[in-house]
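Some notes on the structure that comes next.
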Amino acid sequence: MFLGPVLGYMIWTVSTLERNVRKARQLNVPYICLPIDGNNVLWAAFQPYIWSILDRLPFKWVSYPDFVRYSRRGWEYADRSDTHVHLGPVWALITPVAVYLQFADPGAVNEIFTRRSDFVRPVKEYKLLEVYGPCVSTAGDDWARHRRVLAAPFNESIMEFVWDESLRQARSMLRYWSSAGDAGIPTFCKSYEFRGSADPKTDEASSYRNSLQTVLDNIVPLMLIPYHFLASPIVPKRWARVGNAAVSFKEHMAEMLEEETTALDQGKPGSGDKGTNSSNLDTNNFKRGLSVNEIFGNVFVINFAGHDTTAITLAFSMLLLAANPLVQEWISEEISAVTKDMPTEEWDYKTLFPALNRCRAVLLETLRVYPPIMGLPKWTSQRAQTITVRDRTLTIPPGVSTVLCLKAIQSHPDYWPDPHTWKPSRWISQATSVSTPPIGQYLNEQLLTPKPNTYFPWSDGPQKCPGKKFAEVEAVAVFACLFKQHRLLIEKKAHESDEAAQKRAIACSNDVRLEALLKMANADQVTLICNQVLGSGP
Ligand code: HEM
């Protein structure tokens with residue numbers, strides 16, 4: 001009975017694969033074939049189980065045949081830049097569904113980013129983000145309307161709020177972490193109290209924080225199954241919890257919208273207007289530009305795009321800092337020089353943030369090695385497009401996917417010396433006295449500007465991340481607050497040396513899996529301890 005469909009599927013696979021191979025041959029680029037497309041929903045659901053078995057065998061990922069290796073979701077992390085080093089700046093991953101041209105060439109990357117109407121976002125691949133409604137990522141031709149409204153509050157004047165709020169959260173986090181002692185740390189313009197996961201006050205499942213966390217933790221099933229269905233009484237309890245969290249999160253969004261529209265109706269500034277003057281923010285856009293469903297869709301995307309990306313990057317950074325005590329000392333030296341005896345409550349964004357280059361370097365280096373998004377998909381839509389890759393001109397047929405391989409280019413030895421080592425100091429150089437910012441004079445250092453189009457964890461071009469500065473300000477505030485007077489240690493196992501514990505932490509940071517974003521697969525295998533430096537405070 002099953003033989004017919006299986007045979008049919010196999011014939012379809014072979015013939016479509018062959019057709020796509022012919023397309024790649026015409027392009028004259030090296031290629032690798034896969035029998036199943038990575039976006040196949042069934043395969044995406046099953047492959048983690050297959051790989052959890054393969055990972056237990058005594059073979060490394062690199063030793064499997066190509067069709068096995070590249071079928072792993074998130075293969076880009078294990079591959080680093082190796083395939084590009086072997087096959088050159090552009091190669092094709094061919095599946096029965098598509099030809100995915102993989103680019104790791106700065107010139108070609110620049111062309112693809114800047115020619116937005118020639119290389120378009122494959123909206124179909126982003127449709128799953130429409131959990132609550134259409135949004136900037138799925139808007140297609142209508143992208144500019146969404147982007148104009150959504151990006152308005154992301155201006156310099158909101159950064160002071162982001163800085164103060166991040167410091168406030170970091171202080172609470174520090175109190176919570178320090179109180180854990182040797183037992184180890186248990187695992188938008190609205191202010192929420194910091195709550196650790198073991199804090200009893202986090203019980204209220206419908207709180208903003210908890211509903212958002214449940215939604216983000218279960219983002220893949222929520223993208224596949226409408227949340228109204230999950231919240232219905234007929235589904236198992238575990239799923240219903242996810243559905244109910246999604247409903248609660250929508251109620252929180254509706255409440256926020258109500259508060260904002262009431263404020264705007266009364267002529268008051270909305271929360272997106274914090275600290276801004278009305279001349280640089282068209283608050284009417286908020287009401288005029290998007291429908292209610294589109295507002296919900298975009299609020300969700302801002303939460304999705306802004307929360308886990310930053311949280312995951314901070315988690316990688318903390319673990320790597322704990323495994324590298326000398327780097328902790330290195331940033332602490334800067335924090336002390338820049339903030340002197342000033343209490344964190346008095347830290348001023350405008351003077352301190354630009355001077356904390358070493359703290360920023362930790363973030364930039366973590367994003368270089370562990371970018372939450374490892375490849376950016378674009379698409380030649382209706383027309384063929386020509387593009388220059390080094391000394392060649394490629395004519396790419398319509399409907400071919402072009403992937404900007406940011407993980408590969410950010411770890412390519414042509415652009416980054418010692419590319420696979422996490423080394424924040426690579427971002428710092430001695431400033432010439434003319435360009436030194438006043439407060440930076442203590443260390444006379446400045447941040448490296450990478451070669452163009454060799455570093456783009458926030459994407460680039462018109463569709464680049466509007467939250468880049470937001471994330472930088474958050475991370476620098478958290479690092480500065482934490483490492484001013486505290487250090488992170490790894491809890492050692494019985495008879496384990498410091499070195500072995502540090503190696504275990506680094507191995508944990510390299511044991512990753514790609515869900516919607518790249519994250520550590522088993523972060524709870526390493527427990528961190530937060531200690532105050534002796535003689536450093538009250
Ligand atoms: C380390 C932190 C972050 C990283 C690595 C990051 C990365 C990215 C990348 C790569 C894109 C482009 C995605 C694509 O084209 O498919 C993007 C888009 C976006 N990001 Fe971020 N992001 C971060 C933080 C944030 C924050 C803090 C916010 C908001 C508070 C935010 C909001 C957005 C939005 C709304 C978009 C869609 C923009 C558009 O399509 O026009 N991101 N981000």
Side-chain angles (χ1 to χ4, degrees), residues 76 109 112-113 116 119-130 132 134-155 158-159 161-163 165-166 169 188-190 212 216 271-272 274 290 294-317 360 362-379 401-407 409-410 453 455-479 514 516-519:
E76 295 90 339
V109 164
I112 295 173
F113 271 139
R116 188 179 76 79
F119 295 95
V120 297
R121 196 180 258 171
V123 171
K124 258 195 325 198
E125 287 181 30
Y126 289 75
K127 274 282 173 200
L128 291 174
L129 280 175
E130 288 191 350
Y132 292 100
C135 61
V136 70
S137 308
T138 61
D141 294 343
D142 209 11
W143 168 82
R145 180 173 63 94
H146 282 256
R147 172 83 184 202
R148 197 185 58 242
V149 180
L150 174 141
F154 287 93
N155 53 42
I158 205 170
M159 293 310 154
F161 172 82
V162 176
W163 173 260
E165 180 64 13
S166 305
Q169 296 284 347
F188 205 147
C189 259
K190 225 171 157 70
L212 175 60
L216 294 177
S271 65
K274 268 228 159 44
L290 300 174
E294 289 171 338
I295 291 174
F296 287 158
N298 282 303
V299 171
F300 168 69
V301 153
I302 291 174
N303 274 283
F304 169 69
H307 187 275
D308 268 11
T309 45
T310 316
I312 290 170
T313 308
L314 284 176
F316 274 112
S317 301
R360 190 126 63 117
V362 169
L363 173 75
L364 297 177
E365 181 66 352
T366 303
L367 286 170
R368 187 185 70 78
V369 186
Y370 304 91
I373 300 172
M374 293 187 289
L376 293 161
K378 305 280 174 187
W379 198 260
S401 173
T402 55
V403 184
L404 303 170
C405 302
L406 71 92
K407 168 68 186 161
I409 211 161
Q410 291 181 181
N453 304 295
Y455 182 77
F456 45 92
W458 285 283
S459 181
D460 211 338
Q463 291 183 317
K464 69 182 172 206
C465 174
K468 172 178 185 283
K469 184 79 182 275
F470 200 110
E472 287 183 297
V473 172
E474 280 182 323
V476 168
V478 169
F479 293 147
L514 180 68
L517 302 168
L518 182 77
K519 49 168 74 165

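Along the sequence shown, residues are numbered consecutively beginning with 1. Order of listing sets the numbers, starting from 1, for every ligand and every atom in it. Only this structure's heavy atoms are used, side chains among them; waters, hydrogens and symmetry mates stay out.
- On a distance-only criterion, K378 and ligand 1 share no N/O pair closer than 3.5 Å.
- Near R121, meaning under 4.0 Å from any of its heavy atoms, are these atoms of ligand 1: 14 (C), 15 (O), 39 (C), 40 (O).
- Among L517, L150, L129, the residue whose heavy atom sits closest to atom 35 (C) of ligand 1 is L150.
- Checked by atom type and distance alone, the side chain of K519 never pairs as donor or acceptor with a backbone atom of L514 at under 3.5 Å.
- Between atom CH2 of residue W458 and atom NZ of residue K468 there is a gap of 5.5 Å, rounded to the nearest 0.5 Å.
- Checked against a 3.5 angstrom limit, the closest N/O atoms of E474 and ligand 1 fall outside it.
- The closest heavy-atom contact to atom 9 (C) of ligand 1, among the options I312, T313, I373, comes from I373.
- Shown in contact with Y126 at under 4.0 Å from a heavy atom are these atoms of ligand 1, numbered in order with element: 14 (C), 15 (O), 16 (O).
- For ligand 1 and A471, the ligand atoms under 4.0 Å from any heavy atom of the residue are 1 (C), 2 (C).
- Within the 4.5 Å cutoff, side-chain heavy atoms of E125 are placed close to those of W379.
- Panel note: side chain T310, backbone G306; a donor-acceptor pair is recorded below 3.5 Å.
- On a distance-only criterion, S459 and ligand 1 share no N/O pair closer than 3.5 Å.
- Using a cut-off of 4.0 Å between Lys/Arg side-chain N and Asp/Glu carboxylate O, E472 and K469 are scored as not salt-bridged.
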Criterion side chain to side chain donor-acceptor pair (under 3.5 Å) on S317 and T366, from CA distance to verdict: CA-CA 6 Å; S317 301; T366 303; 3.1 Å; yes
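- For the pair V136 and W143, the minimum side-chain heavy-atom distance is below 4.5 Å.
- The distance criterion of under 3.5 Å between nitrogen or oxygen atoms is not met by S137 with respect to ligand 1.
- Using 4.0 Å as the threshold, W143 has a heavy atom nearer than that to some atom of ligand 1.
- Residue P457 approaches ligand 1 through these ligand atoms, each under 4.0 Å from one of its heavy atoms: 5 (C), 7 (C), 10 (C).
- No side-chain heavy atom of V299 sits less than 4.5 Å from a side-chain heavy atom of C135.
- With contacts defined as side-chain heavy-atom distances shorter than 4.5 Å, the pair E76/L406 does not qualify.
- With ligand atoms numbered from 1 in the order given, ligand 1 contributes 29 (C), 30 (C) to contacts under 4.0 Å with heavy atoms of F154.
- At a heavy-atom cutoff of 4.0 Å, ligand 1 is contacted by the side chain of L376 but not by its backbone.
- Here the shortest heavy-atom distance to atom 36 (C) of ligand 1, taken over P466, C465, P462, belongs to P466.
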